[in-house]
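As structure tokens, the structure follows; a few thoughts come after it.
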There are 4 protein chains.
Amino acid sequence: MEQLSKSEIKRNALIKATICLVINNGFHAAPMSKIAKMANVSPGTIYLYFENKQDLINKVYLEIKASFAKHAFKNYDPSMEVREGFENIWKQIADFKLVQVEEALFLSQCDNTPMIDEESKKEGIKHLQPLIDLWKRGQEEGIIKECCHYVLYAYTVYPLAFLMNAKQNKEININKKYIQDAYLLAWDSIKQSK
Amino acid sequence: MEQLSKSEIKRNALIKATICLVINNGFHAAPMSKIAKMANVSPGTIYLYFENKQDLINKVYLEIKASFAKHAFKNYDPSMEVREGFENIWKQIADFKLVQVEEALFLSQCDNTPMIDEESKKEGIKHLQPLIDLWKRGQEEGIIKECCHYVLYAYTVYPLAFLMNAKQNKEININKKYIQDAYLLAWDSIKQSK
Amino acid sequence: MEQLSKSEIKRNALIKATICLVINNGFHAAPMSKIAKMANVSPGTIYLYFENKQDLINKVYLEIKASFAKHAFKNYDPSMEVREGFENIWKQIADFKLVQVEEALFLSQCDNTPMIDEESKKEGIKHLQPLIDLWKRGQEEGIIKECCHYVLYAYTVYPLAFLMNAKQNKEININKKYIQDAYLLAWDSIKQSK
Amino acid sequence: MEQLSKSEIKRNALIKATICLVINNGFHAAPMSKIAKMANVSPGTIYLYFENKQDLINKVYLEIKASFAKHAFKNYDPSMEVREGFENIWKQIADFKLVQVEEALFLSQCDNTPMIDEESKKEGIKHLQPLIDLWKRGQEEGIIKECCHYVLYAYTVYPLAFLMNAKQNKEININKKYIQDAYLLAWDSIKQSK
DNA sequence: CATGAATGAGCTTTCATTCAT
DNA sequence: CATGAATGAAAGCTCATTCAT
């Protein structure tokens, strides 16, 4: 297990606090002073780790995106068949959103809001390259519909954000079967019908 | 054409300004003073039409939702067949999101953010009842998958928000064929496979 | 009974509303808009009767002072003996403070606060001349202590404001005997002891 | 002499500024910005020491009340005889009102106005307990009239506020003899006549 | 590295006053 | 006379950021 320095502990606490406050109150009600307090740190200390509030938010976003991608492709191997690979990745993504709830909610807010720099958003998208490559392969093999990857993403990964929000609001309850059902919709939407 | 009173004109200008500033800068960077300026109105005047900032945001949200629903079901008739009815509604929704871009972006921000009161959100959801009824009918007829309507919504309507965001960022270009393709994914995802 | 014109009715309603709001909330929480609403009048209308808020407050003060003086000397006759005259005036003043509670509370606030123009305050004091004359006579006759009338006022009339405040706060209950007791303290304090 | 920390100096400056502005302009014309400026402090700084304007006013009131009581009973000893004790306390109170003019004027405004929380007012009254105890003793010994202590206060301490206001407005001039005369009125009013 | 008191620009909101009707 | 929508200056208060310690 990796040993965290005091600095890293503080930095992580700040990130955790930022996520927590933003998802519960929104960016506009997540002042630096509260973030500091929740992280058991002085307001001034934040500025030792981040340039300013915007930088803090951007960094949190990028680190979650990285962690998200890591999780998504943990079990994936480019040698897998397209359908198998897709299911593998999709279920890892679903798992991330169900386990790392707060992080996922944070991403959802960032992705539908102008709170993140355009540049950081672009940076964040890069992490998904393996999935895009997989889709390209699937299209070449005639297995996946000939749509741009924005459409493919919109109909497979993006819906999970909606379900996660609904779960958070106690409107639905998600179990294994639910996930499997949702997976089938995702696959049915993008697979090439004969 | 309906005649608008001076009051209505001002109120509409305020709503328009709110939408514009929120979608471009986010809630946290849409101060009342800017909203007033953009609506060519004094800051104090806002408070003749809305109780406070939260009330303003809630009201804007609810009015857009209502207008959204009106557009969605404009051509729909419950006597239509399920597939036809669904295509009809879905394409009207897509149309709304492409034509009323700002309104749609505003809704997207509201729905993924804690900036709207829980109560107002609940109120806003009611408008979709005809679509939910249609799905129920489709499920009874064995045409649509047996998923809860949250899933159906997540895979048919919600993806449009993602595409609309991408279009706004000039990442994709949406034309008639694009819409038709997207529609097919939506339908394929929820239709009962034989 | 005198017939009031519509104008006089409105003006009176405004004065009544001003008194009511100021004594309950204080000058700082008695906005013109509330005064107007309570008087069933438009905010703009206030400015037909009074120059501005300061003028309104000054006028209310002066009118209450005049009404106060009228009441105080209603039964007084300069031909009365000093002690009898004093008791007569003092009890009328006490009566005013107990019956015209709101007006009395308003005066108390004005007299201990810089909310009234210096000029209006001076104007208001003039009304008490008969009492001062009585005191002077009492001093010449050796019945009343040789103090300036500020002291005499401070120990006879001013204490009533304190008792009235206490009564208003339900800290004490004032009946006939209470008044008689208080009168005795007033008289004992200023009467020349042999 | 006690050493004040920087914080205490600032806090005191704020209290001093509040008193000064309120007694000269009234609560309604003592904005936080002016208070800050007069205390040589930034507006935001006030909120490091006080929750809000109401809290500031309440705290100022309570601290003056405490200082007032300390002064009033500085030389008093419960073993004193009733008359001696009363004179002692009364003269200390008079001294406070003549020396700590601003503080006394502030109290006078607070006590005749709804600008202080009911709770803080109650808190402030407690400080006078020794005087009330003294009166009770005096009544048991048949030296002081059998009135409730509100009446006793109204005729002994409360009149000083009136005289102090008059002095402030240059209407009277107060010297030692004046105080002695006033004291006699106070005592004559409450002492039991044989 | 870390603190946290202090800042002051800027926020939301109020309110005395005006003026077209 | 009377209205009340509209104003905009100014109120109370917040918060990202700095800097002496």
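The side chain of Tyr49(A) lies closest to dA2(E) when the candidates are dA16(F), dA2(E), dT17(E). Relative to the side chain of Val41(A), the nucleotides dA6(F), dT3(E), dC11(E) differ in distance, and dT3(E) lies closest. Minimum atom distance to the side chain of Leu48(A) is reached by dT3(E), of the listed dG8(E), dA6(F), dT3(E).
Note that Lys53(B) lies in the cation-pi zone of Phe27(B), set by a 6.0 Å cut-off to the ring centre and a 45° limit from the axis.
Straight-line distance from the NZ atom of Lys34(B) to the C1' atom of dT12(E): 15 Å, rounded to whole Å. The separation between Asn40(C) atom CG and dG4(F) atom C1' is 14 Å, rounded to whole Å. Put simply, CG on Leu56(D) is 10 Å from P on dG12(F), counting in whole angstrom units. A straight line from CG of Asp55(A) to P of dT17(F) spans 10 Å, rounded to a whole angstrom. Rounding to whole angstrom units, CZ of residue Phe50(A) and P of dC1(E) are separated by 14 Å. To the nearest angstrom, C1' of dA16(F) lies 10 Å from CZ of Phe27(A). Here dC13(F) presents its P atom at 16 Å from CG of Asn52(B), a figure rounded to the nearest Å. In this structure, the NZ atom of Lys37(C) is 10 Å from the P atom of dA5(F), given to the nearest Å.
With a cut-off of 3.5 Å on both pairing distances, the Watson-Crick or G-U wobble partner of dA10(F) is dT13(E). In this structure, dG4(F) and dC19(E) make a Watson-Crick or G-U wobble pair, each of the two defining distances being under 3.5 angstrom.
By the 4.0 Å N-to-carboxylate-O rule, Lys59(D) lies close enough to Asp55(D) to be salt-bridged with it. By the 4.0 Å N-to-carboxylate-O rule, Lys65(C) lies too far from Glu103(C) to be salt-bridged with it.
Dense packing is recorded around NZ of Lys121(D), with more than 12 heavy atoms of other residues, nucleotides or ligands lying under 6.0 Å away.
Distances shown here put a side-chain N or O of Thr45(A) below 4.0 Å from the OP1 or OP2 atom of dT3(E). Dashed line: the shortest gap from a side-chain N or O of Lys10(D) to OP1 or OP2 of dA5(E) is not under 4.0 Å. Proximity of Ser33(D) to the phosphate of dA11(F): a side-chain N or O atom is located under 4.0 Å from OP1 or OP2. At the phosphate of dA6(E), neither OP1 nor OP2 sits under 4.0 Å from any side-chain N or O atom of Tyr47(D).
Between Ala30(A) and Pro31(D), the residue anchored nearer the 5' end of DNA chain F, judged by the nucleotide with its closest heavy atom, is Pro31(D). Of the residues near DNA chain F, Lys53(D) and Lys6(B), the one whose nearest nucleotide (by heavy atom distance) lies more toward the 5' end is Lys6(B). Projected onto DNA chain E by closest heavy-atom contact, Gln54(B) and Glu51(C) fall at different nucleotides, the more 5' of which corresponds to Gln54(B).
Between Met32(B) and Asn52(B), the shortest heavy-atom contact is CE-C, 4.2 Å.
Contacts of Pro43(C) with the nucleic acid, taken as non-hydrogen atoms under 4.0 Å apart, include base atoms.
Nucleotides dC1(E) and dT21(F) place their C1' atoms 13 Å apart, quoted to the nearest Å.
Between Gln54(D) and Asn58(D), the side chains place a donor N or O and an acceptor N or O closer than 3.5 Å (distance only, hydrogens not considered).
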